[in-house]
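Single-structure report; data block below.
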Amino acid sequence: MNIRLLPTRPHRFLAAAVTGLLLTGCDDGAPAPPAPTARPTGTLHSPSAPPPATPEPATPTLAATSTTPTTPITPTAPAIPKPTSTRAPSAPGAAEPALGAGLHPLWPFTTPAQVRDWQRAYRERGHQPWHLDADQTALSFVRGYLGFGEIDRIASRSVSGRHARIGVGPSAPEEARRSTAAVIHLVRYGTGPDAPWEVVGTDDTTFTLTAPAYGATARSPLRVGGRITGVDESINVQVRQPSSARPLGTACCVPAGGSEQPWTTTVSYTRPTDEVLTLVASTGGHLTEVERFTVTAIRTR
């Protein structure tokens with residue numbers, strides 16, 4: 001049988017003392033380590049060091065753009081440089097001359113309205129694109145309008161802004177290829193990148209038509225003249241208008257020659273309907289029927 005002895009009071013005092021010694025420890029009298037504390041989850045800052053500076057926001061780096069577009073790009077027409085004008089700017093609301101100050105339309109268009117009609121047809125249907133080619137316009141003027149069929153060659157070309165000067169001459173015989181019959185002066189008529197070329201006259205050297213003056217108002221019969229350098233020349237004069245296939249009047253076979261010698265004649269012509277007429281004088285007969293010619297503009301009102 002088991003016998004359980006109950007402790008007396010002195011025994012209970014001794015047991016309590018022993019328990020206290022066990023709790024305080026007995027290794028060299030070192031205190032027990034403190035109970036661990038909870039570890040914070042944030043960043044710890046030392047009290048002796050300043051807090052770290054807030055970093056600057058990073059600049060976004062742009063990815064390199066591919067040189068190959070992902071979608072088709074529609075090409076645009078190059079801008080056409082605006083010609084430099086030496087004239088003073090127009091007053092507000094004033095209409096700018098379609099050709100330029102002092103110039104008159106000879107062929108193929110006679111009014112700005114005709115130019116706009118052609119531009120509309122060209123934009124819609126590509127109608128008569130040769131109006132945008134100064135060479136073709138010059139040759140069409142000489143061969144189709146003036147009727148000088150032997151002149152079929154471009155002898156020289158100078159284009160500056162809205163102005164072009166195209167030299168023309170015959171391609172046969174071989175001796176005639178070394179000469180220039182005339183230098184046609186053309187100007188862009190109207191506005192926009194598709195403004196067509198318009199003949200306004202000729203640049204003359206050894207054969208001139210100075211009377212009447214360019215752009216003068218004229219009536220029939222008309223006294224005409226100029227100067228010529230040549231030998232055994234025979235000058236013919238025509239008065240033309242774009243709306244008629246035939247000349248309105250002619251004067252034939254005016255003898256002339258020498259160096260810078262004057263020539264003159266009188267030409268009569270039927271009643272015109274166009275506002276601007278073409279007055280043309282020509283000479284030839286040595287190698288071809290027309291070897292040189294000169295053109296000016298006269299007005300009917």
Side-chain angles (χ1 to χ4, degrees), residues 104 106-107 138-153 155-156 165-173 175-186 199-242 244-270 272 274 276-300:
H104 302 280
L106 292 180
W107 189 89
L139 285 177
S140 296
F141 169 75
V142 175
R143 294 168 58 84
Y145 179 52
L146 299 184
F148 300 158
E150 292 176 305
I151 300 177
D152 56 359
R153 175 178 58 89
S156 63
R165 288 169 169 84
I166 308 298
V168 295
S171 58
E175 297 88 338
R177 291 182 59 84
R178 296 191 293 267
S179 64
T180 297
V183 176
I184 311 297
H185 183 190
L186 304 97
V199 176
V200 296
T202 54
D203 289 357
D204 305 323
T205 54
T206 61
F207 183 28
T208 66
L209 178 54
T210 56
Y214 181 84
T217 301
R219 298 286 185 273
S220 178
L222 180 64
R223 191 73 176 171
V224 300
R227 290 185 176 273
I228 191 169
T229 296
V231 178
D232 296 331
E233 304 295 339
S234 179
I235 300 174
N236 297 323
V237 176
Q238 300 179 43
V239 179
R240 288 183 171 271
Q241 64 179 6
S244 301
R246 295 180 176 276
L248 300 179
T250 61
C252 179
C253 312
V254 180
S259 178
E260 289 289 325
Q261 292 300 304
W263 65 270
T264 186
T265 190
T266 299
V267 58
S268 298
Y269 53 93
T270 59
D274 294 0
V276 179
L277 307 180
T278 303
L279 185 62
V280 53
S282 61
T283 185
H286 303 91
L287 296 173
T288 59
E289 183 179 355
V290 176
E291 296 166 347
R292 287 181 290 171
F293 67 92
T294 173
V295 166
T296 193
I298 57 176
R299 302 182 63 85
T300 59

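Since this is a predicted model, take the numbers as computed values, not measurements.
Heavy-atom minimum distance, Gln241 versus Ser244: NE2-OG, 2.8 Å. Nearest heavy-atom pair, Pro272 versus Thr300, reported as atom, atom and distance to 0.1 Å: CG-CG2, 3.4 Å. Considering all non-hydrogen atoms of both residues, Gln238 and Pro247 come closest at OE1-CG, 3.4 Å. When all heavy atoms of Leu279 and Val224 are compared, the pair lying nearest together is CD2-CG1, 3.6 Å. A pairwise comparison of heavy atoms in Ile235 and Ala281 identifies CG2-CB, 4.2 Å as the closest pair.
Between the CG atom of Leu277 and the CZ atom of Arg240 there is a distance of 12.0 Å, given to the nearest 0.5 Å. Here the CG atom belonging to Leu287 is positioned 7.5 Å from the OG atom belonging to Ser179, to the nearest 0.5 angstrom. If you take OG1 on Thr208 and CD1 on Ile228, they are separated by 8.5 Å, rounding to the nearest 0.5 Å. Here the OG1-CZ distance, from Thr265 to Arg223, works out to 6.5 Å after rounding to the nearest 0.5 Å. Going from atom CG of Asn236 over to atom OG1 of Thr283 covers 7.5 Å, rounded to the nearest 0.5 Å. Between atom OG of residue Ser268 and atom CG of residue Leu222 there is a gap of 9.0 Å, rounded to the nearest 0.5 Å.
Considering Thr288, Thr180, Val290 in turn, Val290 is the only one that fulfils the side chain to side chain contact (heavy atoms under 4.5 Å, CB included) rule with Ile151.
Residues Val183 and Thr202 fail the side-chain proximity criterion, which asks for heavy atoms closer than 4.5 Å. Residues Tyr145 and Thr278 are in side-chain contact: their nearest non-hydrogen atoms beyond the backbone lie under 4.5 Å apart. Side-chain contact between Val237 and Trp263 is present, with heavy atoms from C-beta onward closer than 4.5 Å. The side-chain heavy atoms of Val142 and Phe293, taken from C-beta on, include a pair separated by under 4.5 Å. When side chains are defined from C-beta on, Val168 does not count as touching Phe148, because their heavy atoms never get closer than 4.5 Å. For the pair Leu209/Val295, no side-chain contact is recorded, criterion being any heavy-atom separation below 4.5 Å from C-beta on. Looking at Glu233 and Pro255, their side chains never come closer than 4.5 Å, going by heavy atoms from C-beta outward. Leu146 has its side chain out of reach of Trp107: every pair of non-hydrogen atoms, C-beta onward, lies at least 4.5 Å apart.
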| field | Full working for side chain to side chain contact (heavy atoms under 4.5 Å, CB included) between Arg227 and Thr210 | value | CA-CA 8 Å; Arg227 290 185 176 273; Thr210 56; 5.9 Å; no
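Remark: Arg165 engages Asp203 in a salt bridge (Lys or Arg N to Asp or Glu O under 4.0 Å) (not counting sequence neighbours). Qualifying side-chain contact (heavy atoms from CB on, under 4.5 Å) partners for Thr206, counting only residues two or more places apart in sequence or in other chains: Thr229, Arg292. The salt bridge (Lys or Arg N to Asp or Glu O under 4.0 Å) test applied to Arg299 returns Glu275, not counting sequence neighbours.
With hydrogens and angles ignored, the 3.5 Å screen pairs no side-chain donor or acceptor of Glu289 with any backbone N or O of Glu150. For the pair Arg143 (side chain) and Ala138 (backbone), a donor-acceptor distance under 3.5 Å is absent. Of the possible polar contacts, none joining the His104 side chain to the Tyr214 backbone as a donor-acceptor pair under 3.5 Å is found.
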